[in-house]
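To start, the structure under review is shown below, and the notes come after it.
Here, residue 1 is the first one in the sequence, and each next residue gets the next number.
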Amino acid sequence: MATVKPFRGIRPPQSLVERVVSRPYDVLDSTEARMEAAGNPMSLYHIIKPEIDFPEGTNEHDARVYPKAAENFRMFQDKGWLVQDEKENYYIYAQTMNGKTQYGLVVGAYVPDYLNGVIKKHELTRRDKEEDRMKHVRVNNANIEPVFFAYPDDVVLDSLVARYSVQPPVYDFIASGDGFGHKFWIVNDEEDIQTITQQFSMMPALYIADGHHRSAAAALVGAEKARQNPNHRGDEEYNYFMAVAFPASQLTIIDYNRVVKDLNGLSVQQFLSALSQHFIVEPKGTDIYRPSCLHNFSLYVDGAWYSLTAKPGSYNDEDPIGVLDVSISSQYILDEILGIKDLRSDTRIDFVGGIRGLGELKSRVDSGNMKMALALYPVSMKQLMDIADSGNIMPPKTTWFEPKLRSGLIIHKLD
């Protein structure tokens, strides 16, 4: 069963929140961060992308960058741009995108739950990316950015969150970068705090939706600190890391699409002919065509759109991984026809989050940079949770969650 706890969050004063908060570190590059932080010394990018404080071209993994993050984190606190709450609280973070609002509980997630599988994963992590985030956690002695969890729906927690959400929020703003609404409340009533802790303690599992590398790094640093402490008890703050947990039914996974540089030596007609072995291929003209259901794909090549429907026998409904559209397309299109064996390393393929729209796929192909684009029907939360429960791992680049959590609303110190 899941263990969570409240914590003394470090947050910007209400009047500064919009100057401090930022997009997550991994959704933009150093140049973009430098531009977004220009003229704003309070931007969290100075902590999560501190290479922007060095000359242009400085590598984000430069040895000087990590100490600079810690220096800036201390400076933000010294100047009062970030202030620690006096008592342990839970927090509620609501995000509104396209008229739909999702309500997350900000909690301290338990490191042993990650290590023993109560916190479930659906993606592989790369050691180099884990180590980068571990350095960041170590040097700051804090989880600067939260990870994104899903939890099984709970009517008691729904009721508690609903009670708070009608009250005036501590933060309420529309982010200039994404145009999405962000609201934030503090849960400081002791009875409500106990209720949240108790309800999570009855959940058999929590699910990482987004932030697998941050989760791994936070948990590994927590475990490292436990080993290094000869007086380790198990209740120290480093035994927990910061997560925003949302009811699974409120979350939407959007499509994560593919663009490919060439047709592996085939003409367009040869390519379409090869596709017909495992797919029903239907021309759809020049207007953008969106996949209509599972096992239906949208192909854009040579100025035209096509519907591809996987034929019976090309997938197994009893195989939780093989039935995924990302698996079907990887096996029968990318691998067998185009010769792309490894989605993580092959430079002929790129990935486009559905938030950019299918027009972005068309633009990438029409520009000549890419030869074809493939749009997939999004994975469902049920599929994600079923796969995580079965101990399986999804193929790379399967899920894309929006809206992204805003960084800088709250930070968790490890002592």
### Task
Could you go through the side-chain contact (heavy atoms from CB on, under 4.5 Å) check for V17 and F184 one step at a time?
CA-CA 11 Å; V17 64; F184 195 87; over 6 Å; no
### Query
Should D235 and K5 be marked as a salt bridge (Lys or Arg N to Asp or Glu O under 4.0 Å) after you check the CA-CA gap, both sets of side-chain angles, and the distance that decides it?
CA-CA 10 Å; D235 61 351; K5 74 178 287 291; over 6 Å; no
### Query
L409 and R11: side-chain contact (heavy atoms from CB on, under 4.5 Å), yes or no, with the steps?
CA-CA 6 Å; L409 288 172; R11 306 180 290 109; over 6 Å; no
### Query
Can you list the steps and then say if L82 with F73 is a side-chain contact (heavy atoms from CB on, under 4.5 Å)?
CA-CA 9 Å; L82 291 171; F73 183 34; 4.0 Å; yes
### Message
Test side-chain contact (heavy atoms from CB on, under 4.5 Å) on N264 and R348; report intermediate values, then the result.
### Response
CA-CA 10 Å; N264 200 26; R348 295 167 56 218; 3.8 Å; yes
### Task
Show the numbers, then the answer: is there a ring pair (Phe, Tyr, Trp, His ring centres under 6.0 Å) between Y289 and Y306?
CA-CA 7 Å; Y289 173 74; Y306 297 84; over 10 Å; no
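In this model, a donor atom of one side chain and an acceptor atom of the other lie less than 3.5 Å apart for Y93 and H182. Side chains of E145 and S407: a donor on one and an acceptor on the other come within 3.5 Å. A donor atom on one side chain and an acceptor atom on the other are found under 3.5 Å apart for N229 and Y238. Under the 3.5 Å distance criterion, with hydrogens and angles disregarded, a donor-acceptor pair is assigned to the side chains of D342 and S345.
Here the side chain of T195 pairs a donor or acceptor atom with the backbone of E191 at under 3.5 angstrom. Counting only distance, with no hydrogens or angles, the side chain of S327 and the backbone of V323 share no donor-acceptor pair below 3.5 Å. Side-chain atoms of S159 do not come within 3.5 Å of backbone N or O of V156 as any donor-acceptor pair. Between the side chain of N239 and the main chain of Y110, no donor-acceptor pair closer than 3.5 Å is present. Formation of a donor-acceptor pair under 3.5 Å by the S380 side chain with backbone atoms of Q383 is found in this model. A donor-acceptor pair under 3.5 Å is formed between the side chain of N140 and the backbone N or O of H136. Listed for the H295 side chain is no donor-acceptor partner under 3.5 Å among the backbone atoms of L308. Side-chain N or O atoms of E236 include none that pairs as donor or acceptor with a backbone N or O of D415 at under 3.5 Å. Of the possible polar contacts, none joining the Y45 side chain to the M35 backbone as a donor-acceptor pair under 3.5 Å is found. Side-chain N or O atoms of H212 include one that pairs as donor or acceptor with a backbone N or O of E123 at under 3.5 Å.
Taking the six-membered ring where tryptophan is involved, the planes of H46 and F76 are tilted, since the angle between them lies from 30° to 60°.
For E51 and K68, the salt-bridge test fails: no basic side-chain N is under 4.0 Å from an acidic carboxylate O. Classification of D262 and K371 as a salt-bridged pair fails, no side-chain N sitting under 4.0 Å from a carboxylate O. Salt bridge D78/R74: absent, no basic N to carboxylate O contact under 4.0 Å. A salt bridge links K87 with E190: the closest approach of a Lys/Arg side-chain nitrogen to an acidic carboxylate oxygen falls below 4.0 angstrom. Salt-bridge annotation for E237 and K413: absent, with no side-chain N of the basic residue lying under 4.0 Å from a carboxylate O of the acidic one. A salt bridge does not link R133 with E130: none of the charged nitrogens is closer than 4.0 Å to a carboxylate oxygen. We find that D29 and K49 are not joined by a salt bridge, their nearest charged nitrogen and carboxylate oxygen being 4.0 Å or further apart. Ion pairing between D26 and R214 holds under the 4.0 Å rule for side-chain N and carboxylate O. Salt bridge E131/R138: present, at least one basic N to carboxylate O contact under 4.0 Å. Contact check on D346 versus K341 returns no salt bridge, with no Lys/Arg side-chain nitrogen under 4.0 Å from an Asp/Glu carboxylate oxygen.
At a threshold of 4.5 Å between non-hydrogen side-chain atoms, the residues E360 and N257 do not count as touching. In this structure, the side chains of I92 and V187 come closer than 4.5 Å at one or more pairs of heavy atoms. Looking at heavy atoms from C-beta onward, F54 lies in side-chain contact with V65 at the 4.5 angstrom threshold.
In Y377, the OH atom is not crowded: 12 or fewer heavy atoms of neighbouring residues, nucleotides or ligands sit closer than 6.0 Å. Heavy atoms from other residues, nucleotides or ligands lying under 6.0 Å from CD of Q167 number more than 12. Other residues, nucleotides and ligands contribute at most 12 non-hydrogen atoms within 6.0 Å of the CD atom of E56.
Of all heavy-atom pairs spanning V20 and P12, the tightest one is CG2-CB, 3.9 Å. Contact record, R19 with G39: NH2-O, 4.2 Å, taken as the closest heavy-atom pair. In plain terms, the two heavy atoms of Y207 and A388 that are nearest each other are CD2-CB, 3.8 Å. Minimum interatomic distance between G354 and I254 (heavy atoms only, all atoms of both residues): C-CD1, 3.8 Å. The two residues P291 and N296 have their closest heavy-atom pair at CB-O, 3.2 Å. Contact record, A248 with M385: CB-SD, 3.6 Å, taken as the closest heavy-atom pair.
In this structure, OG in S298 is found 4.5 Å from CH2 in W305, a value given to the nearest 0.5 Å. Here the straight-line distance linking atom CE of M75 with atom CH2 of W81 works out to 4.5 Å at 0.5 Å rounding. In this structure, the separation between CG on L160 and CG on L157 is 6.5 Å, given to the nearest 0.5 Å. Atom CG of D319 is separated from atom OG of S390 by 9.0 Å, given to the nearest 0.5 angstrom. Separating the CZ atom in R364 from the CZ atom in R356 is a distance of 8.0 Å, to the nearest 0.5 Å. Distance check, rounded to the nearest 0.5 Å: CG of N89 to CD1 of I196 gives 10.0 Å.
Cation-pi check for K404 over W400 is met; the charged atom lies under 6.0 angstrom from the ring centroid and within 45 degrees of its normal. Taking the ring axis of Y256 as reference, the NZ or CZ atom of K397 does not stay both within 45° of it and closer than 6.0 Å to the ring centre.
The list of salt bridge (Lys or Arg N to Asp or Glu O under 4.0 Å) pairs with a residue in residues 95-122, not counting sequence neighbours, is empty.
Of the residues F149, F148, Y103, the one that meets the ring pair (Phe, Tyr, Trp, His ring centres under 6.0 Å) test with F246 is F148.
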